[in-house]
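First the structure, in the form of structure tokens, and then the observations on it.
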2 protein chains.
Amino acid sequence: MNHSVFNELDLTSLLSLSFSASINELHVRLSELGFGDIRPVHGFMFKCMTPNGATGIEIAEYLGITKQAVSKMVDYLEKSGYVMKQAHPTDKRGKIIVLTERGWLVVKAKEEILTEMEQRLIENIGAERLHMLKEDLKKLVYETNEGKLPSMFKPIW
Amino acid sequence: MNHSVFNELDLTSLLSLSFSASINELHVRLSELGFGDIRPVHGFMFKCMTPNGATGIEIAEYLGITKQAVSKMVDYLEKSGYVMKQAHPTDKRGKIIVLTERGWLVVKAKEEILTEMEQRLIENIGAERLHMLKEDLKKLVYETNEGKLPSMFKPIW
DNA sequence: AAAATATAGTCAACTTGATTGACTATATTT
DNA sequence: AAATATAGTCAATCAAGTTGACTATATTTT
């Protein structure tokens with residue numbers, strides 16, 4: 001991609017590239033910290049599980065995938081030591097998925113990396129512009145969803 | 001997702017939601033126009049092919065996928081009537097993938113929809129803020145890539 | 001000019017992350 | 001008490017990509 005192509009990109013392409021670049025840097029750095037078995041979707045799942053865990057169905061709705069897909073993901077993350085299943089306190093059918101100690105380590109690492117990345121952007125465009133950027137993105141999301149908050153995270157491709 | 005969760009999102013999550021919401025609206029609307037068999041990745045591929053077509057390898061590099069994957073995509077899009085293969089003028093091994101008339105219809109429709117979407121955002125945040133938004137996203141991409149232009153489009157997930 | 005190597009594209013087999021459908025056990029509503 | 005709904009699992013399948021092997025043509029080296 002050359003400079004003039006890059007400069008003439010529409011907003012949606014820019015959002016794609018921004019998201020790509022950000023999530024890519026995050027996961028390269030998580031990998032360097034020994035969390036190479038974590039995918040972006042897992043990060044969003046952990047977000048849904050903090051601080052008190054979540055049921056499979058809750059996670060499925062949050063991510064916009066089926067409960068069966070969540071079930072597989074949970075099995076994988078349990079084997080890799082990031083999450084545990086607990087009995088639901090009131091519903092014998094249900095299970096609560098919670099983070100293990102290792103799971104919390106990823107969450108903390110992720111937060112630190114994201115903070116660093118935002119900090120770096122502040123050094124580049126300033127705190128005020130970053131604030132405006134975030135506000136404008138919120139407005140874009142809110143309006144594109146016709147005044148409703150987004151219900152799920154999964155990007156389609 | 002409730003309002004306070006939404007308001008405290010980090011930049012990367014906001015970028016994910018913005019990209020998701022935008023690309024989703026685009027493809028819902030393309031679908032309404034009879035282009036329901038087009039996926040986001042096809043749109044980015046068409047971008048690479050305008051105005052003079054592109055070889056399989058060029059498309060593969062642009063999208064960040066293998067040439068075999070491109071080959072399959074081209075077969076699919078050829079069957080659906082969006083692209084054609086042409087002999088390469090100088091290299092007998094090569095083929096140029098070009099848009100058909102139907103392919104151009106999608107490109108035009110896409111441009112119109114994206115323009116409308118940007119227009120709607122301008123009504124909401126103003127032209128100046130949209131301009132700043134795009135500039136800041138470009139800086140984010142440029143800097144996250146350590147001063148290099150992005151070489152490929154594909155979001156990982 | 002001939003030989004060696006590289007490149008564009010295709011075919012086939014496989015992997016991965018999701019899907020749909022059928023099922024069990026428990027909850028909730030009628 | 002019976003009927004229906006819900007949480008989660010198991011199995012089969014699908015879709016979009018991958019890797020590896022191959023053919024035909026180009027390019028580089030000798």
Side-chain angles (χ1 to χ4, degrees), chain A residues 16 20 23-24 27 36-46 48-49 52-80 82-98 152-157, chain B residues 16 20 23-24 27 36-46 48-49 52-80 82-98 152-157:
Chain A
S16 173
S20 255
I23 205 84
N24 190 52
H27 283 269
D37 46 1
I38 290 293
R39 283 191 301 135
V41 66
H42 302 142
F44 288 108
M45 175 176 157
F46 292 171
C48 169
M49 289 167 54
N52 298 318
T55 66
I57 298 267
E58 282 165 356
I59 296 169
E61 276 165 12
Y62 186 84
L63 295 176
I65 58 178
T66 60
K67 57 183 181 169
Q68 293 93 324
V70 170
S71 190
K72 283 188 199 174
M73 244 162 58
V74 168
D75 285 351
Y76 169 79
L77 291 169
E78 198 175 23
K79 259 184 254 158
S80 330
Y82 293 100
V83 308
M84 289 184 322
K85 290 177 197 163
Q86 287 182 349
H88 193 288
T90 62
D91 188 335
K92 282 189 189 165
R93 296 167 308 178
K95 294 175 188 174
I96 312 276
I97 322 296
V98 296
M152 62 96 160
F153 258 103
K154 192 177 84 163
I156 55 170
W157 181 248
Chain B
S16 173
S20 255
I23 205 84
N24 190 52
H27 283 270
D37 46 2
I38 290 293
R39 282 191 302 135
V41 67
H42 301 142
F44 288 107
M45 175 175 158
F46 292 171
C48 170
M49 289 167 54
N52 298 318
T55 66
I57 299 266
E58 282 164 357
I59 296 170
E61 275 165 12
Y62 186 83
L63 295 177
I65 58 179
T66 60
K67 58 183 180 168
Q68 293 92 324
V70 170
S71 189
K72 284 187 197 174
M73 244 163 58
V74 168
D75 286 351
Y76 168 79
L77 291 169
E78 199 176 24
K79 259 184 256 158
S80 331
Y82 292 100
V83 308
M84 289 184 322
K85 290 176 199 165
Q86 287 183 348
H88 192 289
T90 63
D91 187 335
K92 282 189 189 166
R93 297 167 307 176
K95 294 175 188 174
I96 312 274
I97 322 297
V98 296
M152 62 96 161
F153 259 104
K154 191 176 85 163
I156 55 169
W157 180 247

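Order of the sequence lines sets the chain letters (A, B, ...), proteins ahead of strands, with each chain counted from 1.
At least one side-chain nitrogen or oxygen of Thr66(A) sits closer than 4.0 Å to the OP1 or OP2 atom of dT19(C). Look at Arg39(B) and you'll find a side-chain N or O under 4.0 angstrom from OP1 or OP2 of dG17(D).
Between the CG atom of Leu63(B) and the C1' atom of dA16(D) there is a distance of 13 Å, given to the nearest Å. Put simply, CD on Glu78(B) is 13 Å from P on dG9(C), counting in whole angstrom units. Distance NZ (Lys72(A)) to P (dT19(C)): 9 Å, rounded to an integer number of Å. The interatomic distance linking Arg93(B) (CZ) with dT27(D) (C1') rounds to 8 Å, in whole Å. Atom P of nucleotide dT7(C) and atom NE2 of His88(B) are separated by 15 Å, given to the nearest angstrom. Distance CG (Asp91(B)) to P (dA6(C)): 17 Å, rounded to an integer number of Å. Regarding Ile65(B), its CD1 atom lies at a distance of 13 Å from the P atom of dG9(C), rounded to whole Å. In this entry the distance linking CE of Met73(B) with C1' of dT10(C) reads 16 Å, nearest Å.
Nearest-nucleotide positions on DNA chain D place Lys67(B) closer to the 5' end than the other of Lys92(B) and Lys67(B). If you find the closest nucleotide of DNA chain D to Ala69(B) and to Asp75(A), the one lying nearer the 5' end belongs to Asp75(A).
Using a 30° and 60° split on the angle between ring planes, Tyr76(A) and His42(A) fall in the parallel class, below 30°.
Nucleotide dA25(C) is matched to dT6(D) when pairs are restricted to Watson-Crick or G-U wobble geometry with both distances under 3.5 angstrom.
Among the atoms of the strands shown, only primed sugar atoms or phosphate atoms (P, OP1, OP2) are found under 4.0 Å from some heavy atom of Ser71(A). Residue contacts shown for Lys95(A) are limited to sugar-phosphate atoms, with no base heavy atom under 4.0 Å away.
Two residues are said to be in side-chain contact when any heavy atoms from C-beta on lie closer than 4.5 Å; Val70(B) and Tyr62(B) fail this criterion. With a 4.5 Å cut-off on side-chain heavy atoms, Leu77(B) and Met45(B) count as touching. The shortest distance between side-chain heavy atoms of Asp75(B) and Lys85(B) falls below 4.5 Å.
Put simply, the side chain of Gln68(A) and the base of dG17(C) share no donor and acceptor less than 3.5 Å apart.
With hydrogens and angles disregarded, no donor-acceptor distance shorter than 3.5 Å links the side chain of His88(B) to the backbone of Arg93(B).
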